[in-house]
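Here the structure is laid out as structure tokens; the discussion comes afterwards.
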Amino acid sequence: MSYSLHSMSAYVPFGEVPKGDWEHPNMRRSDLVQHKEKENGRIGRTSQIVFGERQHLLRVLDSLEGTQLPIARMQQERRTLEELIHARTRELNQINTAWDEKIGLVLSAEAKPEMLEKLTKQAPEEDFYLLRLISEHPRANAKTLSRLAKHPYGAIRENVARHPNADAQTLTYLSKDKTQPLWYLVAFNPNTPSPLQRKLRDRLKRLGDNQPSN
């Protein structure tokens, strides 16, 4: 099996320009570490974590194969990297079977709302990466977004709060979470009921008025 950083036909989330590779264009280092297990403070092995590790290993492999090294060292290091890449792939499939195929379905230009809903229902909670992609997919419908609005990963809830297909009930639910910037995003979603929009924007104005001036 040969490894490379594949480019795929990607959907365009909310009008953004699609990027090459499977790595999400908005993925930040903080995304890989911000969700911690409350019991012991350790970072959970979510698909976002494992996928990020595999992407880094693929880059190291690409770099290795593009440099001049003694043949014995090249072969040894390639074997080590390929074993690590295989291990990450197995771990992704343990989180959610046929993980790469499902990611490919979501990124496909042929993705349909019904398929996105099915993948959302089937995905385990710890499949942060897949669910995050679905949460910002322009074809995700109101039912799917309502389900994702209850996910523990903040980035998924934020995507739902700004999504043009989120319905009024889901946006009202998200606006109640004052520990996240969700209410701010809800305030500027055109599907938010007008009374709630005014309430949230008044809150935002009060916060601005209370900021010390330079």
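What you see below is based on every heavy atom in this structure, not just the backbone, and it leaves out hydrogens, waters and symmetry mates. Just so it is clear, the structure is predicted and the values come from calculations on it, not from any experiment.
Side-chain contact between T192 and S175 is absent, with no heavy-atom pair separated by less than 4.5 Å. The shortest side-chain heavy-atom distance between F188 and Q197 does not fall under the 4.5 Å cut-off. Using a 4.5 Å heavy-atom threshold, the side chains of E158 and P181 count as touching. Within the 4.5 Å cutoff, the side chain of I49 has heavy atoms near those of the E53 side chain. Residues W99 and D127 meet the side-chain proximity criterion, which asks for heavy atoms closer than 4.5 Å. Side-chain contact check for S47 versus N96: every heavy-atom pair is 4.5 Å or farther apart. Annotation: side chain of K150 is in contact with side chain of Y173 (closest heavy-atom distance under 4.5 Å). Looking at heavy atoms from C-beta onward, D177 lies out of side-chain contact with W183 at the 4.5 angstrom threshold.
In terms of modelled atom types and a separation under 3.5 Å, the side chain of N191 and the main chain of A166 share a donor-acceptor contact. At least one donor-acceptor pair closer than 3.5 Å links the side chain of T172 to the backbone N or O of A168. Under a 3.5 Å cut-off, the side chain of T89 and the backbone N or O of I85 do form a donor-acceptor pair. In terms of modelled atom types and a separation under 3.5 Å, the side chain of H137 and the main chain of R132 share no donor-acceptor contact. Between the R54 side chain and the L84 main chain, no donor and acceptor come within less than 3.5 Å of each other.
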Steps toward side chain to side chain donor-acceptor pair (under 3.5 Å) verdict (Q48, Y153): CA-CA 11 Å; Q48 185 124 317; Y153 185 30; 2.9 Å; yes
Steps toward side chain to side chain donor-acceptor pair (under 3.5 Å) verdict (D167, T170): CA-CA 6 Å; D167 60 22; T170 297; 2.9 Å; yes
Pair R203-L200, side-chain contact (heavy atoms from CB on, under 4.5 Å): steps then yes or no: CA-CA 5 Å; R203 183 193 299 172; L200 296 176; 4.0 Å; yes
Trace of the side-chain contact (heavy atoms from CB on, under 4.5 Å) decision for L204 with Y184: CA-CA 7 Å; L204 183 62; Y184 174 86; 3.5 Å; yes
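Nearest heavy atoms, E125 versus L131: O-CD1, 4.2 Å. When all heavy atoms of L116 and A111 are compared, the closest pair comes out as CD2-CB, 4.4 Å. Considering every non-hydrogen atom in both I134 and A140, the closest pair reads O-CB, 3.5 Å. For the pair A161 and N189, the tightest heavy-atom approach, listed with the atom from each and the gap, is O-ND2, 3.0 Å. When all heavy atoms are compared, the tightest approach of N93 to A98 is OD1-N, 3.5 Å. Scanning both residues, L148 and I156, for their nearest heavy atoms gives O-CG2, 3.7 Å.
Sparse packing is recorded around NZ of K118, with 12 or fewer heavy atoms of other residues, nucleotides or ligands lying under 6.0 Å away. Around CD of Q122, the count of heavy atoms belonging to other residues, nucleotides or ligands within 6.0 Å exceeds 12.
Using a 4.0 Å cut-off between a side-chain N of Lys or Arg and a carboxylate O of Asp or Glu, E91 and R45 qualify as a salt bridge.
The salt bridge (charged side-chain N to carboxylate O under 4.0 Å, His left out) pairs that include a residue from residues 69-78 are E65-R78, R73-E77, where partners are two or more places apart or lie in different chains.
For the atom pair T120 OG1 and K143 NZ, the distance stands at 10.5 Å (nearest 0.5 Å). Separation of atoms CD (E114) and OG1 (T144) is listed at 9.0 Å; rounding is to 0.5 Å. Taken from CD in Q169 to CG in L174, the straight-line distance is 11.0 Å, to the nearest 0.5 Å. Here CG of L119 is found 11.0 Å from CG of L133. Values are rounded to the nearest 0.5 Å. With values rounded to the nearest 0.5 angstrom, R90 atom CZ is found 11.0 Å from L92 atom CG. From L58, atom CG reaches atom OG of S63 across 12.5 Å, with rounding to the nearest 0.5 Å.
A donor-acceptor pair shorter than 3.5 Å cannot be found between the side chains of N141 and N165.
Here K121 pairs with E117, R147 under the side-chain contact (heavy atoms from CB on, under 4.5 Å) rule; sequence neighbours left out.
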